[in-house]
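Take this structure, written in structure tokens, and hold onto it; I'll ask about it next.
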Protein chains: 2
Amino acid sequence: MIKLKNIDKVYRTDKIETLALKEIDLEVKKNEFLSIMGPSGCGKSTLLNIMGLLDQPSKGEIYIDAEQVMTFKDKKLAKLRNKKIGFIFQSFHLINDLSVVDNVEIPLLYRKMSGSERRRRALAALEKVGLNTRTKHFPNQLSGGQRQRVAIARAIVGEPEIILADEPTGNLDSNMGQEIIDILHNLHKNENTTIVMVTHDEHIAKQTERIIRLFDGAMVN
Amino acid sequence: MIKLKNIDKVYRTDKIETLALKEIDLEVKKNEFLSIMGPSGCGKSTLLNIMGLLDQPSKGEIYIDAEQVMTFKDKKLAKLRNKKIGFIFQSFHLINDLSVVDNVEIPLLYRKMSGSERRRRALAALEKVGLNTRTKHFPNQLSGGQRQRVAIARAIVGEPEIILADEPTGNLDSNMGQEIIDILHNLHKNENTTIVMVTHDEHIAKQTERIIRLFDGAMVN
Ligand SMILES: Nc1ncnc2c1ncn2[C@@H]1O[C@H](COP(=O)(O)OP(=O)(O)OP(=O)(O)O)[C@@H](O)[C@H]1O
Ligand SMILES: Nc1ncnc2c1ncn2[C@@H]1O[C@H](COP(=O)(O)OP(=O)(O)OP(=O)(O)O)[C@@H](O)[C@H]1O
Ligand SMILES: [Mg+2]
Ligand SMILES: [Mg+2]
């Protein structure tokens, strides 16, 4: 489903060059539920962003569903992303000027769907994450864990084939965190969703099918 | 050190009134290390913001170091905050236009101190949290956990009497998270710092002296 071949990623600031990813070879099978773990700063978000076509590698090849995407123009990449990938960002990236329900509807704007059908599905996704009493709030009127859950609802509302989740439970208590993981497991089992999840929580990672570990930009074992 | 008497906090949006805190009575002794736990949305950040004089309660009294602060004007509150309180925000609140080291120097701008002494102390705080190779980076060039550590360095750099930490390890792997907790324990032991920490991690909370639990805005047990 997702294939990365010999991926490097270099970041340059004024003073420092960081080799954030080194020779990453990774294949994520269709309908696999994979966890990625590793210390703070070791390259997990960078790897997920590259898988999600949000960032370009400095070197290497990427295949999404067997399509070679390195040659795609921006417009074609965006279309593929919107069609196939739901992304839960580590820092949520909610739109502050839009209400919670409007935020969650955004992925559905790319589809042929009536406004009332969009609203129905957005509210259903918000119900799943326990936020049906906060639909008209704005992001700055929510707790940290509530914002995280809006980001999760937005990623699942379109029932995408691939979900990339960057530390989806970091701001949640253990009960709510487990509820979120159960939602992901249900999508994995019932909708055949392919899921790649970055997490710092061993307990959560152990509930997935495979754990890969990064250290200093490289895969270990 | 911090005394809250019969604190209520009501938030009003267009449609919904939320009683975020209900009749909170809490005394934090000098040099105590207290944890606050509870489900997502139950009022922990609201409670910490009120303790940190960043938000006003709708009802009730607050005493910091025996001074009744409800009558203070904004300027006096800000002076007390800068003098006595270091705050680690759940969403970090770093300044994107300033480098990492400039962000960490900010609490020291309120003191009589040379520029070189400010820089020396900021770099020492960044060394403690493992970020000495990132001092010239900007916040948007950092990983999530690195941003969290900049927020921590900024809160401890002025060696304040009170540290209020809102989920300080949410974006950190367990090793780095424990390093941060060790830093807080050292400040508690060696500098007699009073620390109130919100956390979702039972393992971390058990290492502190007392755990209070919130549910739906009220203290339980
Ligand atoms: N500015 C605001 N306007 C309206 N409601 C608000 C506002 N800020 C917070 N709330 C509501 O008050 C309640 C408590 O929020 P708070 O941020 O204290 O929760 P929390 O315990 O820190 O949660 P988390 O663990 O998710 O960070 C939440 O239900 C939230 O929706
Ligand atoms: N835009 C950027 N410019 C320069 N360096 C960057 C940039 N983005 C990330 N980095 C660096 O690349 C490294 C990897 O970052 P990344 O965000 O992938 O880490 P991570 O494993 O997700 O960490 P965390 O667990 O803290 O979220 C970090 O050391 C970071 O400082
Ligand atoms: Mg990250
Ligand atoms: Mg909070």
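Residue numbering restarts at 1 for every chain, and letters A, B, ... go by the order of the sequence lines. Hydrogens, waters and symmetry mates are skipped; everything else that's a heavy atom, side chains included, is used.
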Any donor-acceptor pairs between chain A and chain B, under 3.5 Å? If so, list them.
residue: Ser40(B); atom: N; partner: Asp173(A); partner atom: OD1; Å: 2.8
residue: Ser40(B); atom: OG; partner: Arg149(A); partner atom: NH2; Å: 2.8
residue: Gln90(B); atom: NE2; partner: Asn171(A); partner atom: OD1; Å: 3.0
residue: Arg149(B); atom: NH2; partner: Ser40(A); partner atom: OG; Å: 2.8
residue: Asn171(B); atom: O; partner: His200(A); partner atom: NE2; Å: 3.1
residue: Asn171(B); atom: OD1; partner: Gln90(A); partner atom: NE2; Å: 3.0
residue: Asp173(B); atom: N; partner: His200(A); partner atom: ND1; Å: 3.3
residue: Asp173(B); atom: OD1; partner: Ser40(A); partner atom: N; Å: 2.7
residue: His200(B); atom: ND1; partner: Asp173(A); partner atom: N; Å: 3.4
residue: His200(B); atom: NE2; partner: Asn171(A); partner atom: O; Å: 3.1

*Leu172(A), part contacting chain B, at a heavy-atom distance under 4.5 Å*: both

*Residues two or more places apart in sequence or in another chain: which of them pass side-chain contact (heavy atoms from CB on, under 4.5 Å) with Phe72(A)?*
Glu67(A), Val69(A), Lys76(A), Leu77(A), Leu80(A)

*Got a sec, which residues hit side-chain contact (heavy atoms from CB on, under 4.5 Å) with Pro57(A), two or more places apart in sequence or on another chain?*
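Here the qualifying residues are Ile7(A), Ile50(A), Ile62(A).
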
